[in-house]
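None of the values given here were measured: they were computed from a predicted structure. So that the names make sense, note that chain A is the first sequence line, chain B the second, and so on, each numbered from 1.
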Amino acid sequence: MVKHHLFWPLVMLGALLLFNLLYSPDFFSVQMRAGKLYGSLIDILNFGAPLILVAIGMTLVIATKGIDLSVGSIVAIAGAMACMTLSKGTDQNMLGLVLSAVGIALVLALALGLWNGMLVAAFGIQPIIATLILMVAGRGVAQLITGGQIITVSSSAYKFIGAGSLLTLPFSIFIAGAVLLIAALLTRKTALGLFIESVGCNPEASRLAGIRSRVVMIAVYMFCGLCAGIAGLLLSANVSSADGNNAGLWYELDAILAVVIGGTSLSGGRFYLLGTVVGALIIQTLTTTIYMIGVPPEITLVVKAFVVLLVCLIQSETFRKTLVHRFKTRRYPAEREVKRHA
Amino acid sequence: MEREREPILQMSNIHKGFPGVKALSGVSFRLFPGEIHALMGENGAGKSTLIKVLTGVYSIDQGTVELARQRMAIDSPQAAQMAGISTVYQEVNLCPNLTVAENIFIGREPRRFGRILWKEMNAAAEKLLLTRLQIRMDVKLPLSAYSVAIQQLVAIARALNISAKVLILDEPTSSLDRNEVKQLFEVMNKLKAEGLAILFVTHFLDQVYEVSDRITILRGGEFVGEYLAKELPRIELVSKMIGKELQQLDALPREKEAASAAESAKALVIEAKALGRKGAIEPFDLTIRKGEVVGLAGLLGSGRTELARLFFGADRPDQGALRVNGVKDGITSPREAIDQGIAFCPENRKTEGIIDELTVRENMILALQATRGWFRAIPRKRQDELADEYIKALNINPPNPEQLIKNLSGGNQQKVILGRWLLTQPKLLILDEPTRGIDVGAKAEIQKLVLKLSGEGMSVLFVSSELEEVLRVSDRIAVLRDHVVVKEIAEDEMSQQQLMQAMAGE
């Protein structure tokens, strides 16, 4: 059981959740009010949904030995594009308008993913640099779309995406769940997952085995862009506004962290979608916890970094081995001799 | 005579298991100063595991390791190095974009106040190479400027630099040509005379008898015996390694179907006219018929691999015409080649063949799945059947389809890659050094397989540095020298003599 890739992430998540009990004894309670469920756990799922989405896309990119730093910017651009389209309409509640706003934003997100994929796969730019370009430029693009303003919209249909609820649960959970399901089906029921892992592990051998590595990589960056776009819609719909400057800020880092905590290696190859989801939930729980226990706002980042370090150390096999090794006594006196001679 | 001396290294009753595999069970090994000791065994015999135990990569489950009569725990590669055990691995693992001197001294550069003394370092590197290995070279050039053979010697120099008592050479000769091997052996003999204990792993029997004093044989993770090289006849060594009777060895495929006149009427699978690529291979003509085995012989770097890659679309030709299956159709990518029924087992198994983090099953179905595209996934049940079928047919060990391929020995990895291509039922199978770095038994199996496949109508392009092997399997041989196809030898005039002359250009 300890060997299972979900073991340590789940232990960490459980520990974090339990820790909250110290501060709020009713942390695990969920109540039904006006046909909706309320409670900290529901909040974590709800607010964690955008991060889960971004992290799912990031998982596949990282599995190809890549990385996508531009997801935060795509989040901002998608939100800005949707809100901009909505605000141009006469009746913001018109279903057609909302759908076209969503559609335009998602197509744009896909196109941005294509841009990243082309830079990486067709032009051979290292992923970290290729996506850094859009990370930097994307904020500017989002500002251009919104004209430098924070755009507010008043569309209950649009708001539903980020703040509505379905079957007593926040709608965002269903979106994240659906994307997770699609990603899992796409990668595990088709051969795409095998190709992604193969390309990430050894691109040259994959090419010689007949896999079109470039196409796989471009597809993966596009999917990542799309996921970030959906996350952007959730975030902007939740607050009914688009802020080109701050929407999705630092999301790329949280997403990468979630992927790594979930057990997917940055050196590509095997990937674990469920691990990533648990990783994202750990980060979201951590954020919630920090607010709940009243850490002064100016040092929240320090606390967060510290806990993340702890999580990563516990996950590291090398670290665990070293710890175990420390507790063992030295068996052979000669070992010391040998080291001294050198 | 040597019996009176103290062994510098004594490993006793070593046990090491992996999940599902018992890699070593009760193996003993000893090494005397001033000797070259060959460690022999088939793939999966436990040679690599034993070496990794010795170099601190693996920890042992049971047993003792004594160095100069002191029991010690080698629990990390650093500990092994500090104890004076240095290793040069089969694949040179140095940094190609650093200079030769930097590679030798990396991590222990001469310093003063934290500043690296470049001049002293370069001078020391030059001196080390000259006095101990007798090679004179510009140590300020990047390592990649030199051939693999020289890189190997630099790796040895690096190992010597760490005050070594025991030097492990794991398959050092597998990518060297005849002269380079000779140069390496001179170095080895010199180091031996200086009192160094050398553990030498190779699959070339000639080389074992050329330099070794003593031989230890492993089979299936067990200790078979330790012998003085001069007291162990070659044929006995082989039979001890594979654990079979001598007669069975002689049954290696030697008979070949007689090439008849009817053969020439058979369909052409490959027809290359003035095909070439700048800097890789000069324009050449070559045809391969259905069911024919064409050998490519030539020294290392003569353009054999470059030629084979053109047929597979791994590289694109920049001149000439290539006709595949009678259709004029320049192949521009491996994918197109596969669709045309061409398969390619590359020379570098590790970097171009295996996907090391994936399982045997996944590695096997990869090419077949690639031809089917993303959405027509091979059902899991079918995958299991295919994997089981080819594991059995190719005698892959351990026969576990869910084992990660990186845990298999080199020969078994090679068989998995072969299985990957046989699954696609190719018309032309290109084998680039398929038996490199693998043992006698697996070698014979692969040769047999080639003959069987060609009997079933598959064409094979067989690239190998071992003349004997090329002669044994080929119907026709094309000889390369310095990136030029210099000669085509038909079956009736094939002999080692002929081949050697053509390769050497006499």
Item to check | Non-hydrogen atoms of B:F375 and A:T190 that approach each other most closely | outcome: CD2-CG2, 3.6 Å

Item to check | Under 4.5 Å from a heavy atom of chain B, the part of A:R270 involved | outcome: side chain

Item to check | Value rounded to 0.5 Å, distance of NZ in A:K321 from OG in B:S59 | outcome: 7.5 Å

Checklist entry - Which one, A:R207, A:K189, A:E204, leads in non-hydrogen pairs under 4.5 Å with chain B? => result A:R207

Item to check | Within 6.0 angstrom of A:R212 CZ, more than 12 heavy atoms from elsewhere | outcome: no

Next on the checklist: I'd like to verify something: which residue of B:G313, B:A68, B:A314 has the highest number of heavy-atom pairs under 4.5 Å with chain A?
Outcome noted: B:A314

Item to check | Heavy-atom pair with the smallest gap, counting every atom of B:R420 and A:A209 | outcome: NH1-CB, 3.9 Å

Item to check | Verdict with reasoning, B:E357 to A:E197, per side chain to side chain contact (heavy atoms under 4.5 Å, CB included) | outcome: CA-CA 8 Å; B:E357 293 290 335; A:E197 290 178 337; over 6 Å; no

Checklist outcome for this item: Cut-off 4.5 Å, heavy atoms of chain A, and the answer for B:T424 is neither

Next on the checklist: Less than 4.5 Å to any heavy atom of chain A: does that hold for the side chain of B:R309, its backbone, both, or neither?
Outcome noted: side chain

Checklist entry - Where does B:T359 contact chain A at under 4.5 Å (heavy atoms): side chain, backbone, both or neither? => result both

Item to check | Residues, nucleotides or ligands: over 12 heavy atoms within 6.0 Å of B:R372 CZ | outcome: yes

Next on the checklist: For the CH2 atom on A:W115, are there more than 12 heavy atoms of other groups (residues, nucleotides or ligands in this structure) within a distance under 6.0 Å?
Outcome noted: no

Item to check | Check against side chain to side chain contact (heavy atoms under 4.5 Å, CB included), B:D356 and A:N202 | outcome: CA-CA 8 Å; B:D356 57 359; A:N202 190 341; 5.8 Å; no

Item to check | Minimum-distance pair of heavy atoms, taken over all atoms of B:E352 and A:L208 | outcome: CB-CD1, 3.7 Å

Next on the checklist: If I compare all heavy atoms of A:L194 with all of B:Q369, which pair ends up nearest, and what's the gap?
Outcome noted: CD2-CG, 4.3 Å

Checklist entry - What residue, out of B:I338, B:L368, B:I417, B:L366, has the most heavy-atom pairs lying under 4.5 Å from chain A? => result B:L366

Item to check | Top of B:P346, B:G353, B:A343, B:A370 for chain A proximity - count of heavy-atom pairs under 4.5 angstrom | outcome: B:A370

Next on the checklist: With a sphere of 6.0 Å drawn around CG of A:L313, does it hold more than 12 non-hydrogen atoms of other residues, nucleotides or ligands?
Outcome noted: yes

Item to check | Residue part contacting chain A, namely of B:L358, when any heavy atom lies under 4.5 Å | outcome: both

Item to check | side chain to side chain contact (heavy atoms under 4.5 Å, CB included) between A:V216 and B:W374, worked out | outcome: CA-CA 9 Å; A:V216 171; B:W374 296 359; 4.0 Å; yes

Item to check | Between A:G269, A:G210, A:A219, the one whose heavy-atom pairs under 4.5 Å with chain B are most numerous | outcome: A:G210

Checklist outcome for this item: Shortest non-hydrogen pair, B:A377 vs A:A191, comes out as CB-N, 3.8 Å

Next on the checklist: I need the residue from B:A337, B:S333, B:A367 with the largest number of non-hydrogen atom pairs under 4.5 Å to chain A.
Outcome noted: B:A367

Checklist entry - Above 12 or not: heavy atoms from other molecules or residues under 6.0 Å from CD of A:Q126? => result no

Item to check | Among the listed options B:D339, B:I355, B:I354, the residue most often paired with chain A at heavy-atom distances under 4.5 Å | outcome: B:I355

